[in-house]
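Lettering follows sequence order; numbering is per chain, from 1.
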Amino acid sequence: MTTPAPKSMDAIMALCKRRGFIYQASEIYGGINGFWDYGPLGAQMKKNLRDAWWQDMILSPCWGRKGPGGQRVHCVPLETCIIQHPKVWEASGHIAGFNDPMVDDKETKQRFRADQLSGLFPEPSIHSSLEQIRPQCTVIASTVGEAIELLSADKSLRKAAGVRAIGQSFPDAGVIEADFGTGMARWNVALVPMSLLRDHARDVPSPYTGKKGSLTEPRQFSLMFFTYTGAVLDEDNKVYLRPETAQGIFVQFKNVVDTSRVKVPFGIGNTGRSFRNEITPRNFTFRSREFEQAELEFFCHPSESQDWYAFWRDFRMDWWKAIGLAGDNLILREHEKDELSHYSIGTSDVEYRFPFTSPGFGELEGIAHRGCFDLTQHQQHSGVKQDYFDQERGDPLPNGSRKGERYLPHVIEPAAGLDRGALALICEGYTRDESRPSPEFLKLHPRIAPIKAAVFPLVNKDGMPEVAEKLHADLSRRFGHLGFIETDPKQSIGKRYARMDEAGCPFCFTIDGDTLTGQTVTLRDRDTGQQQRIAIDQAPAMLGEKLQR
RNA sequence: GCGGGCGUAACUCAGUGGUAGAGUGACAGCCUUCCAAGCUGUACGUCAGGGGUUCGAAUCCCCUCGCCCGCUCCA
């Protein structure tokens with residue numbers, strides 16, 4: 001299978017700017033790395049995407065599709081704060097996980113994670129205590145097996161490390177035979193302890209050059225944004241901006257259960273901004289430091305969790321297809337076992353082939369089976385029970401009811417990136433067709449398009465503008481809550497069509513001479529340029545029907 | 001974080017030491033009965049920012065910021 005040539009990202013970015021979809025944040029001050037703003041059309045488009053998610057996930061979940069047990073899917077919304085108690089992030093593991101200590105090699109200017117450095121250590125002798133043992137050489141590898149494999153396979157790596165020859169290796173024992181110029185000897189392979197890197201960085205050889213003295217001490221890189229509550233800048237007042245919306249849901253799980261008559265299985269949805277201090281913001285809005293998520297946490301009985309996982313994975317894929325990403329550029333990718341988070345039983349990504357990832361793919365949404373990891377963590381850290389009493393489970397009682405069962409629900413998490421979704425829809429919709437009068441246009445799904453329709457008088461005279469004005473007012477009343485309804489009497493009709501094509505407006509109504517005599521208008525389709533003539537009083541119903549699809 | 005490329009009007013770009021330009025777009029008017037048509041006119045620039053060299057800098061030098069690409073990273 002051949003991959004079609006990727007669309008020009010430069011052209012897409014130029015269109016986004018030109019038509020007011022996406023601007024660089026703080027542009028007049030030179031911009032700020034990793035932040036982007038949405039212009040008028042972009043803001044409306046993203047709202048449409050968010051509304052579509054809300055509609056299909058919360059208000060009418062899964063288009064009415066039944067769950068694995070044949071039951072109706074039930075979800076409720078929640079809106080939680082960007083700033084939560086700092087302990088939320090301790091419990092979730094983000095504070096630890098987001099603060100990987102890194103080591104730089106000052107000579108080569110390269111950087112690696114301090115906990116991913118392995119070394120070849122001499123066997124301890126009676127003359128040296130364990131604290132004095134220094135690695136003879138190092139390689140970047142987080143496991144003993146990986147280190148041995150790298151040394152065995154990579155000749156240039158051996159050269160950098162000063163290894164002249166490799167003998168036998170015993171991965172299970174963590175031992176390898178190597179000759180550093182003093183004859184073949186046995187070496188213990190082990191992770192370089194953090195304490196050694198911290199206190200004796202100068203004694204640790206660089207994994208890049210084999211030379212000692214060029215490594216820095218491990219340094220913290222905070223991937224979470226923080227600020228202070230209250231006016232006093234005191235470490236005790238330090239709080240974090242959330243890196244995901246999900247934790248807000250978990251910490252309110254009990255409240256939702258206790259106050260909203262929900263029964264497991266059910267979902268809680270939450271959309272909103274999250275913040276990650278990305279090391280390398282890149283690729284337009286794809287990896288932004290401030291971004292918007294649409295996350296659902298679906299709580300279910302552990303025994304049903306696998307079925308719900310498959311259910312949500314499939315539905316989410318179908319959903320992206322339904323709003324305009326149908327085709328080879330969209331895939332569902334099941335994570336390999338070694339790719340999974342420590343707590344996850346299964347994860348799938350919905351991925352899109354962006355022009356800048358092609359022929360590879362970039363993640364739009366992750367659907368994760370999180371087990372009961374989060375509720376367990378919060379139960380432990382907060383001391384507040386998070387278990388659920390299910391009255392419909394357990395042994396039958398004589399009176400016909402059930403004894404009930406107490407358990408920590410398992411969680412399926414479909415977590416979508418709205419900015420990435422919007423970007424994918426723009427990339428997918430961006431089309432150049434030189435055979436058209438307006439070669440450049442944006443094929444946005446009617447549900448997502450920020451401009452829903454335009455009404456044009458063919459010429460700006462003979463009473464046509466007045467008729468257009470009236471139809472515009474009518475359509476605005478009925479559909480204005482979904483997006484813009486435009487009208488424009490100026491300039492040539494071709495130019496006005498072209499403008500709408502470029503902005504992704506799917507439908508144009510045109511008032512012409514026949515409207516005045518026969519009460520009909522033409523309805524032009526953006527993608528084909530084809531027109532059909534309909535009665536003017538049918539226009540609202542016709543548009544309503546087309547916007548539903 | 002490293003390496004490379006780039007930054008001039010809303011967009012695409014020309015301008016390599018001597019008065020900041022073109023096309024497109026936008027806006028106004030005329031014209032116009034279906035696809036960026038035509039005519040007339042108007043507005044639009046901290047030449048990414050700062051510093052330096054020079055009589056004079058968009059142009060040469062230094063620093064910073066931003067964007068793109070390749071590494072790296074992506075809990």
Enquirer: With rounding to whole Å, what would you report as the distance between B:A37 and B:G18 at their P atoms?
Expert: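 Approximately 37 Å lies between the P atom of B:A37 and that of B:G18.
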Enquirer: Does the structure show a Watson-Crick or G-U wobble partner for B:U53, both distances under 3.5 Å? Name it, or say none.
Expert: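 Paired with no nucleotide.
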Enquirer: Is a side-chain N or O of A:Arg242 found less than 3.5 angstrom from the main chain of A:Gly248, in a donor-acceptor match?
Expert: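 Flag not set: sc A:Arg242 to bb A:Gly248 has no pair under 3.5 Å.
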Enquirer: Is there a donor N/O on one and an acceptor N/O on the other, under 3.5 Å, for the side chain of A:Thr522 and the base of B:C34?
Expert: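 By the distance-only test, yes, there is a pair.
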Enquirer: Quick one: is the NZ or CZ of A:Arg436 closer than 6.0 Å to the six-membered ring centre of A:Phe441, and within 45° of its axis?
Expert: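 Yes; both conditions hold, so A:Arg436 lies above the ring face of A:Phe441.
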Enquirer: Using a 4.0 Å heavy-atom cut-off, does A:Gln531 contact any base of the nucleic acid, only the sugar-phosphate backbone, or nothing at all?
Expert: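 Base contact.
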Enquirer: Taking atom C1' in both B:C67 and B:G29, what distance in whole Å separates the two?
Expert: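 To the nearest whole Å, 40 Å.
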Enquirer: Nearest to the A:Arg18 side chain among B:A36, B:U32, B:C11, which nucleotide is it?
Expert: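 Looking only at side-chain atoms, A:Arg18 lies closest to B:C11.
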Enquirer: When the ring planes of A:Trp36 and A:Phe284 are compared, do they come out parallel, tilted or perpendicular, using 30° and 60° as the limits?
Expert: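 Because their plane-to-plane angle is over 60°, the rings of A:Trp36 and A:Phe284 count as perpendicular.
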Enquirer: Classify the side-chain pair A:Asp501/A:Ser438 by whether it contains a donor and acceptor separated by less than 3.5 Å.
Expert: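 A:Asp501 vs A:Ser438: donor-acceptor pair found between side chains.
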Enquirer: When rounded to the nearest Å, what value does the distance between P atoms of B:G23 and B:G41 take?
Expert: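 Per the computed distance, 13 Å lies between those P atoms.
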Enquirer: Does A:Arg333 make a cation-pi contact with A:Phe361 (under 6.0 Å, within 45 degrees of the axis)?
Expert: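 Not flagged: A:Arg333 not positioned over aromatic ring of A:Phe361.
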Enquirer: When the P atoms of B:U40 and B:C31 are considered, how many whole Å apart are they?
Expert: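 The answer is 16 Å between these two P atoms.
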Enquirer: Quick test of your reading of the model: are A:Glu486 and A:Arg499 salt-bridged, counting only N-O distances below 4.0 Å?
Expert: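 Looking at A:Arg499 together with A:Glu486, the answer is no, because their closest N to O distance does not fall below 4.0 Å.
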Enquirer: Need to verify one output field. Residue with the more 5' nearest nucleotide on RNA chain B, A:Ile32 or A:Phe291?
Expert: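 Nearer the 5' end of the strand: A:Ile32.
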Enquirer: Should B:U12 form a Watson-Crick or G-U wobble pair with both distances under 3.5 Å, which nucleotide is its partner?
Expert: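 WC or wobble partner is B:A22.
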Enquirer: Counting side-chain heavy atoms from C-beta on, which of B:C34, B:A36, B:C69 comes nearest to A:Leu458?
Expert: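 Ranking B:C34, B:A36, B:C69 by closest atom to the A:Leu458 side chain puts B:C34 first.
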Enquirer: Pull out every residue in residues 484-512 of chain A that has a heavy atom closer than 4.0 Å to any atom of RNA chain B, ordered by number, or say none.
Expert: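 A:Lys490, A:Gln491, A:Ser492, A:Ile493, A:Gly494, A:Lys495, A:Tyr497, A:Ala498, A:Arg499, A:Glu502, A:Thr510, A:Asp512 - these, ordered by number, are the residues of the stretch whose heavy atoms sit under 4.0 Å from the strand.
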Enquirer: Should A:Asn33 be listed as having a side-chain N or O under 4.0 Å from OP1 or OP2 of B:C67?
Expert: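 It does, given that an N or O in the side chain of A:Asn33 lies less than 4.0 Å from OP1 or OP2 of B:C67.
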Enquirer: Checking all strands, does A:Gly34 fall into the base, sugar-phosphate, or nothing category for heavy-atom contacts under 4.0 angstrom?
Expert: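 Sugar-phosphate contact only - A:Gly34 comes under 4.0 Å of backbone atoms but never of a base.
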Enquirer: Under a 3.5 Å cut-off for both distances, is B:A43 Watson-Crick or wobble paired, and to whom?
Expert: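 Base partner found: none.
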Enquirer: What distance, rounded to whole Å, do you find between the two C1' atoms, one in B:U72 and one in B:G52?
Expert: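 Per the computed distance, 35 Å lies between those C1' atoms.
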Enquirer: Salt-bridged, A:Lys17 to A:Glu27, with N to O below 4.0 Å?
Expert: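 The answer is yes: the pair qualifies as a salt bridge.
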Enquirer: Give the nucleotide from the list B:G70, B:U32, B:C11 with an atom nearest to the side chain of A:Arg282.
Expert: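 In terms of side-chain proximity for A:Arg282, the closest of B:G70, B:U32, B:C11 is B:G70.
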Enquirer: For the C1' atoms, the ones on B:U16 and on B:U8, what distance do you get once it is rounded to whole angstrom?
Expert: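 Going atom to atom, C1' in each nucleotide, I get 14 Å.
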Enquirer: Distance only, no hydrogens: is a donor on one side chain within 3.5 Å (strictly under) of an acceptor on the other, for A:Tyr430 and A:Glu440?
Expert: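 Their side chains do contain a donor-acceptor pair, which is all the 3.5 Å distance test asks for.
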Enquirer: Looking at A:Glu428, is its backbone amide N or carbonyl O close enough to the side chain of A:Lys443 to form a donor-acceptor pair, meaning the two atoms are under 3.5 Å apart?
Expert: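 Flag not set: sc A:Lys443 to bb A:Glu428 has no pair under 3.5 Å.
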Enquirer: Distance between the P atoms of B:A58 and B:G49, in whole angstroms?
Expert: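 After rounding to an integer number of Å, I get 10 Å for this pair.
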Enquirer: Roughly how far apart, to the nearest Å, are B:C69 and B:A26 at atom P?
Expert: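 These two P atoms come out 29 Å apart once rounded.
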Enquirer: For the side chain of A:Met464, counting heavy atoms from C-beta on, which of B:U12, B:U33, B:G66 is nearest?
Expert: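 So the side chain of A:Met464 is nearest to B:U33.
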Enquirer: Find which nucleotide of RNA chain B each of A:Gln24 and A:Lys17 is nearest to by heavy atoms, and output the residue with the more 5' nucleotide.
Expert: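 Nearer the 5' end of the strand: A:Lys17.
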Enquirer: From the set B:C34, B:C68, B:C11, return the single nucleotide nearest to any side-chain atom of A:Arg533.
Expert: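 Among B:C34, B:C68, B:C11, the one nearest the side chain of A:Arg533 is B:C34.
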Enquirer: Does B:C67 have OP1 or OP2 sitting under 4.0 Å from an N or O in the side chain of A:Asn283?
Expert: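 No, A:Asn283 has no side-chain N/O under 4.0 Å of OP1/OP2 on B:C67.
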Enquirer: What is the base-pairing partner of B:G38, counting Watson-Crick and G-U wobble geometry with both distances under 3.5 Å?
Expert: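 Paired with B:C30.
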Enquirer: Which base, if any, makes a Watson-Crick or G-U wobble pair with B:C67, both distances under 3.5 Å?
Expert: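 Per the H-bond distance test, B:G5.
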